[in-house]
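Predicted, not measured: the structure shown is a model, and the values here were computed from it.
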Amino acid sequence: MRIALVNPITRRSQGYHTIGRYIPQLGLSVLAERVRGQHRVDIIDEVFGQEQTAARLTRDNYDLVGITSYTSSAPRAYEIAALCRERGLTTVMGGPHASVRPDEAQPRFNAIAIGECDDCWPQIVSDAEAGRLATRYEGQLADLSAGLGGAAQDLQPVNGKYDVGCIQTSRGCPVGCDYCSVTTFNGSVVRRRPIKDIVDEWNRCDKPFVFVVDDNFFGLSNNDIAWARELLTELVKSGRKRLWFSQTTMNMGQDVDSLRLAYKAGCRGMLIGFESFNPETLKAYRKGINTKLLDRYKQMVDGFHKAGVAVFGGFIVGADEDTPDTVADTTLQAVHLGIDIIQVTNLTLLPGTRMYDRYHAAGRLQATNYPDDWERYSFTETVYTPSKMTGRELDQAIFEIRKAAASSAWVWKRTLKALWRNRSLTTALFVHGMNQGWARMARAQMATDETRFDPPTGGKRAEKIRRAFAFFHGEPMAETEKT
């Protein structure tokens, strides 16, 4: 069969999906690897634009079209499916959104696949080829120890070219934050691939930089950390030399030896979900590990820096304890904490999460014209009624931070400070590239935001933003800024 695998992209989040380099949609590469020995598989990835999609999806080119989708790109996925059905193309939808909204997706596709589809994808393709495609398939949590989870590292999209590699060593996250859909989709138990399989795929990948997409690379238990150290040791010994970054929890800041081993293996950054400096907010998010380590945030960040590993800090604003000033307070505290790359996003209630269910039951969701409004669930817009401010006030506060983050001075400030803290030129270059990407995203958002919001004015919030984004400042935090 001739198969097209499509990654649709929402048009509302200007620049969000293409802020820097082009990173593969790993799920599609994994599915391609499962069947391309018997079938021809192409990837169409709309991170490169939507211009070529319609021209390529024809009966002359393909027999089967598989479409994945996160929530924000679901309307675009449905649009592509309608086009395909008009042309007589068989369509299948999978991914996180179809898995939590199967009844919504089902009428728009010939079939849907729920959950992880490593095991059932070959059956779906076989059924489509034989003309007996079922309307719904239920995937199981893949047995990664049995050889599943590997991606087609050499497969490039027909409409562009990836310049970053993407590899997964494990799936599942035991943290189970209320706003996150990972545990719903991938389970709470961490499943790991055989180290030999990972290293083999690592060496097949020809990209100079790799994103290791694990939700928690090191894990939480001693056994998890021991496994990660074994993998890192093997990468140092026999892995292709390259730089990479991944995601983990902040508890690793107390294990400098493991972080130094990661640095030796090429790691230059870790994305960590700090989320908030407010203990009540962390409790509401069910971010238990952060609650326990809140008074040791600085010690944890310093631990990463001692090993030469940059800290990419993620923060979510809009919880019930937050006010418009929380955005500026969070950014200023993150700067004083020494976080190298700072990402502040709107709290986004994703379907399939406990938080979405609570807000929906309480009547607090404002963007409910589904499926069209799913496009607004992009982490850049408030789609619910906050407790201590309006949605517009929260968006205005984030706009003010985004406007400041668009400056070249901010990018260079983070680069120079990263060089000083980490004592590593390659780490500083990683920080520079990531902050350049966020600056590009901020500038892309400006075209829309500046028509919606008032220019930043004076006052305490503006002063905090000025201090956070000043090229040089070393003044100690006031006690009111620490709380």
**Q** Say whether D42 and Y62, considering side chains only, have a donor N or O and an acceptor N or O under 3.5 Å apart.
**A**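 Yes - a donor-acceptor pair under 3.5 Å links their side chains.
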**Q** For K241, does the NZ atom have more than 12 heavy-atom neighbours from other residues, nucleotides or ligands under 6.0 Å away?
**A**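 Count over threshold, so yes.
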**Q** How many angstroms lie between CG in L220 and CD1 in I225, if you round to the nearest 0.5 Å?
**A**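 If we round to the nearest 0.5 Å, L220:CG and I225:CD1 are 8.0 Å apart.
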**Q** Would you call the rings of Y356 and Y377 parallel, tilted or perpendicular if under 30° counts as parallel and over 60° as perpendicular?
**A**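 Rings of Y356 and Y377: tilted, as their planes differ by 30° to 60°.
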**Q** Are L57 and I44 packed together at the side-chain level, in the sense that at least one heavy-atom pair is separated by less than 4.5 angstrom?
**A**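 In contact.
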**Q** Say whether, by atom type as modelled, one donor and one acceptor occur between the side chain of D255 and the main chain of S258 under 3.5 angstrom.
**A**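 Pair found, side chain donor or acceptor close to backbone of S258.
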**Q** Identify the heavy atoms of A439 and V411 that sit nearest to each other, and give their distance.
**A**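 Minimum heavy-atom contact is CB-CG2, 3.9 Å.
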**Q** Return yes if some donor-acceptor pair links the side-chain N/O of Y285 with the main-chain N/O of I316 below 3.5 Å, else return no.
**A**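 Checked: pair present.
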**Q** Residues in salt bridge (charged side-chain N to carboxylate O under 4.0 Å, His left out) with D103, at least two apart?
**A**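 So D103 forms a salt bridge (charged side-chain N to carboxylate O under 4.0 Å, His left out) with R136.
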**Q** Centre-to-centre under 6.0 Å for F274 and F312, is that the case here?
**A**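 No, the ring of F274 stays outside the 6.0 Å limit from the ring of F312, centre to centre.
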**Q** For residues A55 and T58, report the shortest heavy-atom separation together with the two atoms involved.
**A**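 Of all heavy-atom pairs spanning A55 and T58, the closest is O-CG2, 3.5 Å.
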**Q** Testing K207, K161, R204, R36 one by one against D154 for a salt bridge (charged side-chain N to carboxylate O under 4.0 Å, His left out), which residue passes?
**A**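 Running salt bridge (charged side-chain N to carboxylate O under 4.0 Å, His left out) over K207, K161, R204, R36 with D154 returns exactly one hit, R36.
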**Q** Is it the case that the side chains of W121 and E33 hold a donor-acceptor pair, with the cut-off being a distance below 3.5 Å and no angle test?
**A**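 Absent: no donor and acceptor within the cut-off.
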**Q** Using 0.5 Å steps for rounding, measure from the CG atom of D45 to the CG atom of L28.
**A**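 Interatomic distance, D45 CG to L28 CG, rounded to 0.5 Å: 7.0 Å.
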**Q** Just by modelled atom types, is the D395 backbone N or O under 3.5 Å from a matching donor or acceptor in the N346 side chain?
**A**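 Here the side-chain-to-backbone pair does not exist.
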**Q** Could you tell me whether the side chain of Q140 and the main chain of A142 form a donor-acceptor pair under 3.5 Å?
**A**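 Here the side-chain-to-backbone pair does not exist.
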**Q** Between Y137 and D127, is there a side-chain donor-acceptor contact under 3.5 Å, judged purely by atom types and distance?
**A**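 Yes, a side-chain donor-acceptor pair sits under 3.5 Å.
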**Q** Can you check whether C173's main-chain N or O pairs, donor with acceptor, with T183's side chain at less than 3.5 Å?
**A**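 Yes; at least one donor-acceptor contact below 3.5 Å.
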**Q** Are W244 and F217 an aromatic pair by the rule of ring centers under 6.0 Å?
**A**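 Judged by ring-centre distance (under 6.0 Å), W244 and F217 do meet the cut-off.
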**Q** Do R242 and F209 meet the cation-pi criteria used here (NZ or CZ under 6.0 Å from the six-membered ring centre, within 45° of the axis)?
**A**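 Negative - R242 is either too far from the ring of F209 or too far off its axis.
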**Q** Checking R171 against D118 for the salt bridge (Lys or Arg N to Asp or Glu O under 4.0 Å) test, could you report, in this order, the C-alpha distance in whole Å, the side-chain angles of both residues, the deciding distance, and whether it holds?
**A** CA-CA 12 Å; R171 293 182 194 167; D118 307 58; 2.8 Å; yes
**Q** Will you find, in the side chains of R268 and T426, an N or O donor that is under 3.5 Å from an N or O acceptor?
**A**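 On atom types as modelled, these side chains qualify, holding a pair under 3.5 Å.
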**Q** Start with the C-alpha gap between D340 and R414, add the side-chain angles, then the distance that decides, and say whether salt bridge (Lys or Arg N to Asp or Glu O under 4.0 Å) holds.
**A** CA-CA 6 Å; D340 303 284; R414 307 316 303 156; 5.5 Å; no
**Q** Among R364, R358, K283, find the one that has a salt bridge (charged side-chain N to carboxylate O under 4.0 Å, His left out) with D320.
**A**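 By the salt bridge (charged side-chain N to carboxylate O under 4.0 Å, His left out) criterion, D320 pairs with just one of R364, R358, K283: R364.
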**Q** Is the side chain of S99 donor-acceptor paired with the backbone N or O of G115 at a distance under 3.5 Å, no angle test?
**A**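 Looks like yes, one N/O pair under 3.5 Å.
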**Q** Is any NZ, NE, NH1 or NH2 atom of the basic residue among E275 and R286 found under 4.0 Å from an Asp or Glu carboxylate oxygen of the other?
**A**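 Between R286 and E275 there is no salt bridge, as every charged N stays at least 4.0 Å from the carboxylate O atoms.
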**Q** Which heavy atom of T184 sits nearest to which heavy atom of V100, and what is that distance?
**A**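 For T184 and V100, the tightest heavy-atom pair comes out as CG2-CG1, 4.5 Å.
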**Q** Can you find a heavy atom in the side chain of Y78 that is under 4.5 Å from one in the side chain of L83?
**A**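 A side-chain contact under 4.5 Å is absent here.
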**Q** Would you mind telling me which of D224, D143, D197 makes a salt bridge (charged side-chain N to carboxylate O under 4.0 Å, His left out) with R192?
**A**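 It is D224; the other options fail the test.
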**Q** Verify the distance criterion only: is there a donor paired with an acceptor across the side chains of T249 and N251 at less than 3.5 Å?
**A**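 Result is yes, a qualifying pair exists.
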**Q** As an exercise, state the distance from CE of M250 to CE of M270, rounded to the nearest 0.5 Å.
**A**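 If we round to the nearest 0.5 Å, M250:CE and M270:CE are 14.0 Å apart.
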**Q** So Y359 and Y384, would you call those rings parallel, tilted or perpendicular, with 30° and 60° as cut-offs?
**A**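 If you compare the ring of Y359 with that of Y384, the planes turn out perpendicular.
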**Q** Between R56 and N61, is there a donor-acceptor pair closer than 3.5 Å when you use the side chain of the first and the backbone of the second?
**A**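 No, because the side chain of R56 does not come within donor-acceptor range (under 3.5 Å) of the backbone of N61.
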**Q** Verify whether one side chain among S69 and H97 offers a donor that lies under 3.5 Å from an acceptor in the other.
**A**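 Judged by distance alone, the side chains do not pair up.
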**Q** For R59, is the CZ atom crowded, meaning more than 12 foreign heavy atoms sit under 6.0 Å from it?
**A**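 No, because the 6.0 Å sphere around CZ of R59 holds 12 heavy atoms or fewer from other groups.
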**Q** Is it true that the side chains of D214 and Q247 contain a donor and an acceptor less than 3.5 Å apart?
**A**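 Side-chain D/A pair, D214 to Q247: absent.
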**Q** Any side-chain heavy-atom pair from Q366 and T385 closer than 4.5 angstrom?
**A**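 A side-chain contact under 4.5 Å exists here.
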**Q** Keeping S126 on the side-chain end and P122 on the backbone end, is there a donor-acceptor pair under 3.5 Å?
**A**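 A pair under 3.5 Å: no.
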**Q** Taking R440 for its side chain and A406 for its backbone only, find out whether a donor-acceptor pair lies under 3.5 Å.
**A**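 Judged by distance alone, no pair lies under 3.5 Å.
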**Q** Determine whether the side chains of Q153 and E201 contain a donor N or O and an acceptor N or O closer than 3.5 Å.
**A**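 Distance-only check passes for Q153 and E201.
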**Q** Could you tell me whether a side-chain N or O of T291 sits under 3.5 Å from a main-chain N or O of I289, the two making a donor and an acceptor?
**A**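 Not a single qualifying donor-acceptor pair exists.
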**Q** Does a salt bridge link R76 with E46, judged by any charged N lying under 4.0 Å from a carboxylate O?
**A**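 Yes, charged N to carboxylate O under 4.0 Å.
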